[in-house]
Amino acid sequence: MKYWLLKSEPDVYSFDDLIKQKIGTWDGVRNYTARNNLKKMEEGDLAFFYHSNIGKEIVGIVKIVKEAFQDPSTDDHRWVAIEVSPVEKLKRTITLKELKENSEMQHLELVKFTRLSVMSIEKSDFEQIIKMSKEKAN
DNA sequence: GCCAACGTTGGC
DNA sequence: GCCAACGTTGGC
C-alpha cells in the first residue's frame, strides 16, 4: 500500500468535479517523473488531492481504482493515465503555506519540488497530514 | 504579471 | 554528449 499526492488546477478539474463524476480519469501527464509515479500506483492506494494555483491546498483523499493504462488523451504510447474515486473531503484543508511553516514537513516533495504534479508521500507524513486536518488551525 | 526552477529541444 | 535557448509550471 502506497501513498501519493495528485495536483490539479481546480478551475480545470477540482475535487468537487471528481465527487460529481464518482470516477475520474487522471490523464494529460506529460512529465516523465510524474508518469513514473503513475506507473507505480496500485489499485487501492490512497492519494491526496491538491489544488494548485487557486487555493494551494490539500482538499481531499482519493483512491486509485484503476492502474496505469494508455493515456486516452493522446496516441503517444509513452504516456499513461489512471482512474481515481473520491474517498473523503478533508474537514479542514491543509495549505501549502501551513506545510512550509511546519518544521516537520520540510522534506515533503510538495514543498521541495513545486513543479512535480504526481508524487509519492511517506505513510507517516500522510497520516500526519490527516491528523492535522482533524485539528483546528494553529 | 513576474520569476525561479526545471524539463525539453536542437545545434554543434 | 554538452549546453544554450526556449517552454512550462506554479508560487508569490
Side-chain angles (χ1 to χ4, degrees):
Chain A
M1 172 95 172
K2 298 188 222 52
Y3 299 87
W4 309 94
L5 183 142
L6 294 166
K7 271 190 196 176
S8 181
E9 295 183 38
D11 53 348
V12 178
Y13 193 79
S14 70
F15 191 68
D16 287 336
D17 291 335
L18 176 62
I19 287 173
K20 273 180 224 148
Q21 289 188 351
K22 304 273 200 301
I23 288 183
T25 301
W26 206 274
D27 60 13
V29 170
R30 296 290 181 272
N31 171 285
Y32 288 106
T33 306
R35 182 209 61 179
N36 291 342
N37 284 331
L38 286 180
K39 284 187 169 180
K40 282 187 238 161
M41 291 181 182
E42 292 172 5
E43 205 176 310
D45 284 353
L46 295 176
F48 282 131
F49 195 116
Y50 173 86
H51 281 174
S52 64
N53 283 317
I54 303 164
K56 283 164 282 181
E57 58 192 3
I58 295 169
V59 293
I61 300 168
V62 300
K63 183 168 67 179
I64 313 306
V65 295
K66 189 174 180 186
E67 294 174 15
F69 55 96
Q70 168 66 41
D71 186 336
S73 69
T74 177
D75 290 332
D76 193 327
H77 66 276
R78 291 176 299 169
W79 307 115
V80 299
I82 54 154
E83 282 182 4
V84 296
S85 69
V87 174
E88 65 175 328
K89 203 168 179 169
L90 294 186
K91 287 192 180 65
R92 181 174 79 77
T93 59
I94 303 295
T95 62
L96 178 63
K97 182 169 177 286
E98 187 176 345
L99 293 172
K100 281 189 165 175
E101 286 170 353
N102 186 332
S103 58
E104 290 171 24
M105 292 289 157
Q106 296 308 303
H107 60 284
L108 281 185
E109 286 182 273
L110 181 65
V111 172
K112 283 158 74 179
F113 304 104
T114 55
R115 292 185 53 207
L116 189 58
S117 60
V118 181
M119 64 191 82
S120 67
I121 286 205
E122 292 293 322
K123 185 177 187 220
S124 57
D125 293 331
F126 192 89
E127 288 169 348
Q128 175 65 20
I129 290 170
I130 287 175
K131 199 177 152 197
M132 287 165 66
S133 77
K134 290 175 177 167
E135 294 166 356
K136 284 187 177 175
N138 306 314

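By convention in this document, chain letters (A, B, ...) are assigned in the order of the sequence lines, proteins followed by strands, and residues within each chain are numbered from 1.
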Just the rounded figure in Å: distance from [atom2] of [N] to [atom1] of [X].
X	N	atom1	atom2	value
A:I54	C:dG11	CD1	P	11 Å
A:L96	C:dG11	CG	C1'	8 Å
A:N53	B:dC2	CG	P	17 Å
A:W79	B:dG7	CH2	C1'	10 Å
A:H51	C:dC12	NE2	P	17 Å
A:E109	B:dA5	CD	C1'	15 Å
A:R115	B:dG7	CZ	C1'	6 Å
A:L99	C:dC12	CG	C1'	17 Å

Under 3.5 Å donor-acceptor pair, A:R30 side-chain atoms to C:dT8 base atoms: no
Does a side-chain N or O from A:Y50 land closer than 4.0 Å to OP1 or OP2 of C:dG11, or not? yes
OP1 or OP2 of C:dG10 under 4.0 Å from side-chain N/O of A:K112: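 Looking at the OP1 and OP2 atoms of C:dG10, neither is under 4.0 Å from any side-chain N or O of A:K112.
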Hey, mind stepping through A:W79 and A:Y32 against ring-ring contact (aromatic ring centres under 6.0 Å, His included) and telling me if it holds? CA-CA 8 Å; A:W79 307 115; A:Y32 288 106; 4.9 Å; yes
Closest to side chain of A:Y32, choosing from B:dC6, B:dT8, C:dC12: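 For the A:Y32 side chain, the nearest candidate turns out to be B:dT8.
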Taking 4.0 angstrom as the limit, do A:D45 and A:K40 come out as a salt bridge? no
Would you indicate whether A:E122, at its atom CD, is surrounded by more than 12 heavy atoms from other residues, nucleotides or ligands within a distance under 6.0 Å?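 No, not enclosed.
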Mind checking if A:K97 touches a base, just sugar-phosphate, or nothing, with heavy atoms under 4.0 Å?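 Contact class for A:K97: none.
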Tell me what A:L116 touches on the nucleic acid: a base, only sugar-phosphate, or nothing, going by heavy atoms under 4.0 Å. nothing
Over all heavy atoms of both residues, which pair between A:L5 and A:A47 is shortest? Give the atoms and the distance, please.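 So the minimum-distance heavy-atom pair works out to N-CB, 4.4 Å.
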With respect to A:R92, which candidate in A:E57, A:E135, A:E98 satisfies the side chain to side chain donor-acceptor pair (under 3.5 Å) definition?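 Passing option: A:E98.
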